[in-house]
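Input: a single structure, listed below in C-alpha cells.
What you see is a predicted model, and the numbers here were worked out from it, not measured in a lab. Numbers restart at 1 for each chain; the letters A, B, ... are given by sequence-line order, proteins then strands.
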Number of protein chains: 2
Amino acid sequence: MLTIGQLAAHAGVTVRAVRHYHHCGLLAEPERDSSGYRRYDAAAVVDLIRIRTMADAGVPLARIDELLHAGQEEFAEAVAAIDDDLRARIRDLIRQRRRMAELVGGERLFLPAEVVAVLERLRSLGVSERTVRVERDMWIMMAAQSPELLPELVAVKNASFDDAELMRLYVACDEAFDWDPRDPRLARLAADMKAWAARRQEHEDVGPGTRALLDSHLTASSPAWERLMSLVAAP
Amino acid sequence: MLTIGQLAAHAGVTVRAVRHYHHCGLLAEPERDSSGYRRYDAAAVVDLIRIRTMADAGVPLARIDELLHAGQEEFAEAVAAIDDDLRARIRDLIRQRRRMAELVGGERLFLPAEVVAVLERLRSLGVSERTVRVERDMWIMMAAQSPELLPELVAVKNASFDDAELMRLYVACDEAFDWDPRDPRLARLAADMKAWAARRQEHEDVGPGTRALLDSHLTASSPAWERLMSLVAAP
DNA sequence: TGCAACCCTGACGCAGCGTCAAGGTCAAGC
DNA sequence: GCTTGACCTTGACGCTGCGTCAGGGTTGCA
C-alpha cells in the first residue's frame, strides 16, 4: 500500500495535485488507514498516470473524466475540439508576439511609422516638445477610434505642411501655449485662424465624438488654447 | 468630461477592465463629480489606450506601468524577456498539440505503439482480456517510471514469446486467475514457475520500487495470483 | 526520546477580468 | 411630477490548476 507521497512520486506529480484531483472528483478517494492517511494501490497509480497524460496534452481537468469513459467516436470528437482550442491559443500568442515586435523605440511604441514621421516634421518646424506631445496624444486617439481613416488623415496632414499660412498659425499657437488667457494677442490670432478656416476646403474628418474628444484635449492642455478655441468658435 | 462608459468606449475596452486597472493602480483614479461618478479627460483616454496596447501585446498588467516609464534600454530588455516568455508558452502549447495528436484509439491512448503490439501478441496467444488489462496497467506504470528502459523491456518481452515453456506458464496463469486460492493446482504451477526461473538468465529489470509496485498490482488483481506469488517467493 | 520527514484539513493567492447583487443617478417621454 | 431605461457606484464570487503557508497529528529512525 502506498501513501499519497509515494503515489505522487510514482506518477511524477505533486502531492498537492493528487489532492486537487480528489477534490474535483477526478481521482477516487481511497480508503484511509487508522490514522486517517490515504492508502493507495497500484491501480491508483495507473489512474493517476492516465489523468496526467491527458492533462499534459492540454485537456482541461473538467473534461478528463468524461473523456476517459468516452467511446472512440466522442473521444475523437472531443480531442478535435480541444485541439482547435489549442490552435486558437497558439494563434493568439503568435499575434501577441507580432505586436510585441512592433513595440520598439519611442513614440513608435503606440503609433504607426507614418504618424511618427508626421511628428518628426512638426519637430523640424521648430514646434516645442510639449505641443508635439499634445499632437501625439491626438494621433493616438485618432488611431484608436478610426484606424481606417488614418492613412487619409495622415495624407491631409502631410499636405497641410505645404500651406505656409497654416504653418505660421501652427507655430504661433505653439508660442501661445502658455500665454495668459486674457492676452490681447489671442484675439488677433483667433481672427487669423478664422480667416484661414474660411478659405480652406472641407475634407474628411473624424466623427463628431472623436472631434469633441480631441477638442477637449486641446482645451485642457492650455488655458490660452482654451480661450483661443472659444474665440474661434464664437460667431 | 467623460463618464467611465464613454472612456471605455473610446478606448475599446470594457468598463470592468477600466475599474480593474484603477484597482491595481495601473490607471490613476480621476476626480469624482457631485454624485460620486468618475469623470475623465482626454488624457485618460490616451493613458488607457497605451495600457491596452501593451496588454494586447501580452505584457502582464503588473509590468505595464514600469514599462511605460522605462527608458529605451530597459524597455527593450523587458520586451525581450516577455517575448521569451511568449515563445516558451507557444512551445508548450505546440508540445501539447503533439501529445494530443498521439491520443488516438484504444490502448494506444497511453502507451507507445511498440507496447500496444506486445499486448496484441498476448491476445493472439488466447490470453483473456482481463489478464491483458493487468499486463497493460503494468506497462503503463513501467512506461511512466522508467521510460528510458522501455525499449529494452519491450525487446526482452518480445524475445520471451519464443520461450514455449514461458508461454505455457503464461496461459496457465491466465487460467488460474479466478481459481480458489486454496486450489491444489496452484502449488504445481508455482513449482513449474520456480523451475523456469531457475533456468532463465538474468537481464535488465525495472528498479526495486517499480518492481514492488508491479508485484502489488499483480497480487491485488487476483487472490489466486497472490497465493501463487507467495508460493513462488517461498524457499 | 527527540527530530526529521511525512500526513491531515482549510484557506488564500495568482491573472484578468466576467458577472451577478443591490443599490443610487440621470435624461427623456408621458 | 412620475416612470422607465440606461448609466453609475461598491462589493464579492467565479474561473484554471494547482503553489504555498498555517496549524496541527503520525511515523520511523538514531
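When rounded to the nearest whole Å, the span between CD of A:Q6 and P of D:dT27 equals 14 Å. Whole-Å rounding puts the A:L61 CG to D:dC15 P distance at 13 Å. For the pair B:I64 CD1 and C:dG16 C1', the computed distance is 11 Å after rounding to whole Å. Remark: P of C:dC17 and CD1 of B:I4 are 14 Å apart, rounded to the nearest angstrom. Across the protein-nucleic acid pair, A:I82 atom CD1 and D:dT16 atom P stand 13 Å apart, rounded to whole Å.
Contact annotation for B:R89: no contact, since no heavy-atom pair falls under 4.0 Å across all strands. In this structure, A:R52 reaches the sugar-phosphate backbone alone: every heavy-atom distance under 4.0 Å involves primed, P, OP1 or OP2 atoms, never a base.
Under a 3.5 Å cut-off, the side chain of B:D41 and the backbone N or O of B:A44 do form a donor-acceptor pair. Without hydrogens or angle criteria, A:E152 side chain to A:L149 main chain gives no donor-acceptor distance under 3.5 Å. A side-chain donor-acceptor contact under 3.5 Å links A:W225 to the backbone of A:C173.
Within residues 19-41 of chain B, the residues that place at least one heavy atom under 4.0 Å from DNA chain C are, in residue-number order, B:H20, B:Y21, B:S35, B:Y37.
Between A:R16 and C:dA11, a side-chain N or O to OP1/OP2 separation shorter than 4.0 Å is absent.
Within the structure, no pair that satisfies the salt bridge (charged side-chain N to carboxylate O under 4.0 Å, His left out) test touches residues 6-27 of chain B, not counting sequence neighbours.
At a threshold of 4.0 Å, the pair A:D84-A:R87 counts as salt-bridged, since one of the basic side-chain nitrogens sits closer than that to a carboxylate oxygen.
No side-chain heavy atom of B:L214 sits under 4.5 Å from any side-chain heavy atom of B:H217.
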